[in-house]
Amino acid sequence: MKVAKFGGSSVASAEQLRKVANIIKNDKDRRAIVVSAPGKRSKDDTKVTDLLIGLGEAYQTGKSYEKQLDQVLERFKDITEQLEISNNIITEIKQDVEVVFSSDYSNALKLDAIKAIGEDSLAKVLSEYLKSLGLEATYMNPKDAGIYLSDEPGNAQILDESYDHLYKLRDREGIFVIPGFFGYTKDGKLVTFSRGGSDITGSIVAAGVQADLYENFTDVDSVYSVNPNIVENPKEITSLTYKEMRELSYAGFAVFHDEALIPAFKASIPVCIKNTNNPNGLGTIIVSQKETSENPVVGIASDTGFLSLYVSKYLMNRELGFGRRLLHILEDEGISFEHTPSGIDDMSVIIRESQLPKEKEENVIKRIKNELDPDMVYTERDLALVMIVGEGMNSTIGIAEKATAAFSRANVNLEMINQGSSEVSMMFGIKSSGVDKAVKSLYQAFFE
Ligand code: ASP
């Protein structure tokens with residue numbers, strides 16, 4: 001049994017849904033289908049989820065939401081008309097919206113229930129369409145599938161018992177279409193994962209039914225070794241390990257939600273990234289272990305929006321508990337950190353800028369000064385992280401040399417270097433303005 005998940009661009013229009021149906025028809029093992037809400041049909045289009053968020057926010061600020069609702073209905077009307085199936089979904093969406101707004105749920109729960117209408121309606125439409133083509137297909141609500149989530153609206157997490165419920169789906173006949181992105185709390189409230197969360201649903205379903213393969217259909221032929229917006233026609237990655245993919249998606253590889261790997265990884269289900277517009281292409285396969293390739297580096301990733309909090313104090317290395325107290329201040333202030341490269345008398349904490357907005361910074365610095373009595377403390381904003389990733393790096397000599405030479409050729413100053421002992425990745429902190437130059441130069445060094 002295979003689980004096939006189709007992303008927003010794959011279900012954006014009737015034309016795309018025809019391709020989806022063909023893909024499903026072409027392999028009888030594709031029985032569990034997970035879908036996103038219709039995404040963008042062109043660059044300037046708006047995703048249905050964004051329209052729904054606009055709708056929910058308009059309602060909550062007392063404004064009219066007619067416009068957004070009409071746009072959502074229009075998207076579904078177009079699809080059903082062109083696929084020549086019933087347009088019952090239009091009435092259902094209107095009813096769904098009314099039911100949510102007349103409920104006594106909190107604002108956060110109402111917004112989640114509105115957001116979920118995109119995937120829920122699309123799953124109904126697709127199953128209807130598959131039936132019209134003579135396939136045995138049914139829509140399956142996440143509640144009936146047994147997808148139970150933690151009570152964290154907009155950022156829910158799977159509860160382990162869901163996997164046992166999902167396992168029972170193996171015995172079902174035919175194809176079932178499950179909407180991605182949401183599930184239910186134990187007391188029956190609808191909650192969503194974070195944005196892009198249909199990938200997570202797909203992975204959970206794959207782990208639950210113990211699928212032979214989790215196919216994630218999107219709009220690129222494969223995962224590329226570097227961001228194609230920075231380097232033209234980069235090399236495709238045909239296979240990579242879960243660990244490598246995790247590291248790459250941490251730093252800006254947006255092909256696959258970074259939380260989506262864990263369920264498949266734990267259940268050892270191989271994941272395949274494929275293109276709905278070119279389903280016969282090789283795609284990228286993600287597995288636990290792969291044969292060593294010639295190049296120890298599989299990809300180069302980069303992400304901006306970081307800052308470094310620098311603290312120095314003479315003899316810090318001998319002051320018991322210094323690091324813990326510094327991190328405790330951050331914990332106390334609700335700030336999560338990413339990395340902590342350190343020296344003998346200094347420690348830097350790398351934080352996402354969104355975690356430490358300027359308004360919060362003053363207080364954090366004041367507390368560090370009062371509680372730790374440092375010689376110096378300051379933040380440096382506008383940092384980017386550039387990572388080279390590959391499990392093969394740990395047994396290869398000279399990678400760091402090659403990488404730092406590439407930064408130097410690009411005339412980019414290194415602010416920070418970090419490499420954990422697993423050596424799956426090597427991380428460099430630089431000023432954001434140098435990212436493109438640095439990434440191009442690294443690509444040349446490792447791939448050309
Ligand atoms: N539709 C949701 C979003 O745009 C979830 C998804 O597509 O994966 O975030």
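None of these values were measured; they are calculated from a predicted model. When a residue number appears, it is its place in the shown sequence, counting from 1.
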Can you find a heavy atom in the side chain of [X] that is under 4.5 Å from one in the side chain of [Y]?
{"X": "Ile350", "Y": "Leu307", "answer": "no"}
{"X": "Val191", "Y": "Phe182", "answer": "no"}
{"X": "Val97", "Y": "Ile117", "answer": "yes"}
{"X": "Lys94", "Y": "Leu73", "answer": "yes"}
{"X": "Ile158", "Y": "Tyr163", "answer": "yes"}
{"X": "Ile417", "Y": "Leu414", "answer": "yes"}
{"X": "Asn87", "Y": "Ile90", "answer": "yes"}
{"X": "Leu213", "Y": "Ile285", "answer": "yes"}

Spell out, as yes or no, whether a donor-acceptor pair under 3.5 Å connects the side chain of [X] to the backbone of [Y].
{"X": "Ser162", "Y": "Tyr148", "answer": "yes"}
{"X": "Ser121", "Y": "Gly118", "answer": "no"}
{"X": "Thr61", "Y": "Ala58", "answer": "yes"}
{"X": "Asp199", "Y": "His257", "answer": "yes"}
{"X": "Ser425", "Y": "Val389", "answer": "no"}
{"X": "Ser150", "Y": "Gln157", "answer": "yes"}
{"X": "Thr201", "Y": "Phe181", "answer": "yes"}
{"X": "Tyr59", "Y": "Phe101", "answer": "yes"}
{"X": "Ser222", "Y": "Glu236", "answer": "no"}
{"X": "Ser203", "Y": "Ala264", "answer": "yes"}

Salt-bridge contact [X]-[Y] (side-chain N to carboxylate O under 4.0 Å):
{"X": "Asp212", "Y": "Lys2", "answer": "no"}
{"X": "Glu391", "Y": "Lys290", "answer": "no"}
{"X": "Lys5", "Y": "Glu215", "answer": "no"}
{"X": "Glu136", "Y": "Arg31", "answer": "no"}
{"X": "Glu161", "Y": "Lys186", "answer": "yes"}
{"X": "Asp120", "Y": "Lys115", "answer": "no"}
{"X": "Asp382", "Y": "Lys431", "answer": "no"}
{"X": "Lys360", "Y": "Glu333", "answer": "no"}

Plane angle bin for Phe447 and Tyr443 - parallel if under 30°, tilted between 30 and 60°, otherwise perpendicular: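 Tyr443 vs Phe447 ring planes: parallel.
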Hey, can you tell me if Phe217 and Phe6 have their rings parallel, tilted or perpendicular (30° and 60° cut-offs)?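 The rings of Phe217 and Phe6 lie parallel, inter-plane angle below 30°.
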Just do the side-chain contact (heavy atoms from CB on, under 4.5 Å) check on Ile286 and Val223 with the steps written out, would you? CA-CA 10 Å; Ile286 307 166; Val223 177; 5.6 Å; no
If I compare all heavy atoms of [X] with all of [Y], which pair ends up nearest, and what's the gap?
{"X": "Ala14", "Y": "Gln82", "value": "CB-CB, 3.5 Å"}
{"X": "Ser127", "Y": "Val177", "value": "CB-CG2, 3.8 Å"}
{"X": "Pro153", "Y": "Asp112", "value": "CA-OD2, 3.2 Å"}
{"X": "His165", "Y": "Ala145", "value": "CB-O, 3.7 Å"}
{"X": "Leu149", "Y": "Ile147", "value": "CD2-CG2, 3.9 Å"}
{"X": "Ser10", "Y": "Val20", "value": "O-CG2, 3.3 Å"}

Chi angles and distances behind the side-chain contact (heavy atoms from CB on, under 4.5 Å) call for Met387, Phe428: CA-CA 6 Å; Met387 283 165 70; Phe428 304 88; over 6 Å; no
As an exercise, state the distance from [atom1] of [X] to [atom2] of [Y], rounded to the nearest 0.5 Å.
{"X": "Met245", "Y": "Ser239", "atom1": "CE", "atom2": "OG", "answer": "12.5 Å"}
{"X": "Glu331", "Y": "Leu327", "atom1": "CD", "atom2": "CG", "answer": "9.0 Å"}
{"X": "Thr185", "Y": "Leu109", "atom1": "OG1", "atom2": "CG", "answer": "7.5 Å"}
{"X": "Ile430", "Y": "Lys437", "atom1": "CD1", "atom2": "NZ", "answer": "8.5 Å"}
{"X": "Leu248", "Y": "Leu240", "atom1": "CG", "atom2": "CG", "answer": "6.5 Å"}
{"X": "Leu169", "Y": "Met1", "atom1": "CG", "atom2": "CE", "answer": "6.5 Å"}

Establish, yes or no, whether the cationic atom of Lys110 lies under 6.0 Å from the six-membered ring centre of Tyr105 and within 45° of the ring axis.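 Judged by the rule (NZ or CZ under 6.0 Å from the ring centre, within 45° of its axis), Lys110 is not positioned above Tyr105.
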Side-chain donor-acceptor pair under 3.5 Å between [X] and [Y], yes or no?
{"X": "Asp44", "Y": "Ser42", "answer": "no"}
{"X": "Asn277", "Y": "Gln16", "answer": "yes"}
{"X": "Glu119", "Y": "Ser198", "answer": "yes"}

Is the distance from the ring center of Phe176 to that of Tyr139 below 6.0 Å?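 No, the ring of Phe176 stays outside the 6.0 Å limit from the ring of Tyr139, centre to centre.
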Is it true that atom [atom1] of [X] has more than 12 heavy atoms of other residues, nucleotides or ligands lying nearer than 6.0 Å?
{"X": "Asn411", "atom1": "CG", "result": "no"}
{"X": "Glu173", "atom1": "CD", "result": "no"}
{"X": "Lys124", "atom1": "NZ", "result": "yes"}
{"X": "Leu133", "atom1": "CG", "result": "yes"}

Applying salt bridge (charged side-chain N to carboxylate O under 4.0 Å, His left out), run through Arg195 and Asp50 and close with a yes or a no. CA-CA 10 Å; Arg195 290 298 306 268; Asp50 288 315; 3.0 Å; yes
Carefully, step by step, assess Asn227 and Tyr224 under the rule side-chain contact (heavy atoms from CB on, under 4.5 Å). CA-CA 7 Å; Asn227 183 346; Tyr224 294 105; over 6 Å; no
Please step through side-chain contact (heavy atoms from CB on, under 4.5 Å) for the pair Lys40 and Thr46, ending with a clear verdict. CA-CA 6 Å; Lys40 293 182 180 198; Thr46 311; over 6 Å; no
Quick one: do Asp303 and Arg352 satisfy salt bridge (charged side-chain N to carboxylate O under 4.0 Å, His left out)? Show the steps, please. CA-CA 10 Å; Asp303 203 5; Arg352 289 201 187 259; 3.2 Å; yes
Go through the steps to decide whether Asp45 and Arg75 satisfy the test salt bridge (charged side-chain N to carboxylate O under 4.0 Å, His left out), and finish with yes or no. CA-CA 11 Å; Asp45 202 9; Arg75 294 287 304 261; 3.5 Å; yes
